[in-house]
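Okay, structure first, notes after.
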Amino acid sequence: MKPRRNFHPGDPVVYRATKFSAHPGPRAEDITPAEHGEHYSYLVDKYWLVEEVLPDGQLRLRTRRGKQHVLPADDPRLRRANWWERLIRRDRFPQPQQAPA
């Protein structure tokens, strides 16, 4: 039985995105050249915040620039941020939004 991952609004999460380009950036990991070497595939960690847990079990996630993504909570590329990521990379996570007064 697979353990459930319970996420809550406000939880910082890390999403490992697959990217393709001719010039991988400095945060690129696991870089693999294409067959003819013109492009590369690689992984980049994205630092997001759980905005809402939807009734169907999916998560609404928010990026630092305000974009929103909806992903299943059991997506293998999504995980909770470690304590050291929350400390060292705190500037990469979006800030929690304040409730209107």
Open item on the list: Treating R90 as the side-chain partner and L87 as the backbone partner, does any N or O pair qualify as donor plus acceptor under 3.5 Å?
Closed with: yes
- [ ] Determine the sole option in L43, I31, V44 for which the side chain to side chain contact (heavy atoms under 4.5 Å, CB included) test with P24 is passed.
- [x] I31
Open item on the list: If I take atom CG from residue D45 and atom CZ from residue R92, how far apart are they, to the nearest 0.5 angstrom?
Closed with: 9.0 Å
Task: Contact summary for A73 and F7, nearest pair of heavy atoms - done: O-CE1, 3.5 Å
Open item on the list: Closer than 4.0 angstrom, basic N to acidic O: yes or no for R60 and E52?
Closed with: yes
Task: Closest contact, heavy atoms only, G10 versus L49 - done: O-CD1, 3.3 Å
TODO: Could you tell me which non-hydrogen atom of F93 sits nearest to which non-hydrogen atom of V14, and how far apart they are?
DONE: CZ-CG2, 4.4 Å
Task: Candidate list R86, R89, E85, test side-chain hydrogen bond (donor to acceptor under 3.5 Å, both in side chains), partner Y47, passing option - done: R89
TODO: Can you measure from CZ (R62) to NE2 (H69) and round to the nearest 0.5 angstrom?
DONE: 11.5 Å
Open item on the list: Can you give me the closest heavy-atom contact between K46 and A17, atom names plus distance?
Closed with: CG-CB, 4.1 Å
Task: Atom pair CZ/CD of R16 and E29 - distance to nearest 0.5 Å - done: 4.5 Å
TODO: Measure the spacing between OG1 of T32 and OH of Y40 and express it to the nearest 0.5 Å.
DONE: 10.5 Å
Task: Flag side-chain contact, heavy atom, 4.5 Å: L59 against L78 - done: yes
TODO: Check whether any side-chain heavy atom of P94 lies under 4.5 Å from a side-chain heavy atom of T63, and answer yes or no.
DONE: no
- [ ] Identify the heavy atoms of V70 and Q58 that sit nearest to each other, and give their distance.
- [x] CG1-OE1, 3.6 Å
TODO: Could you tell me whether the side chain of N82 and the main chain of W84 form a donor-acceptor pair under 3.5 Å?
DONE: no
Open item on the list: For a 4.5 angstrom cut-off between non-hydrogen side-chain atoms, does L61 reach Y15?
Closed with: no
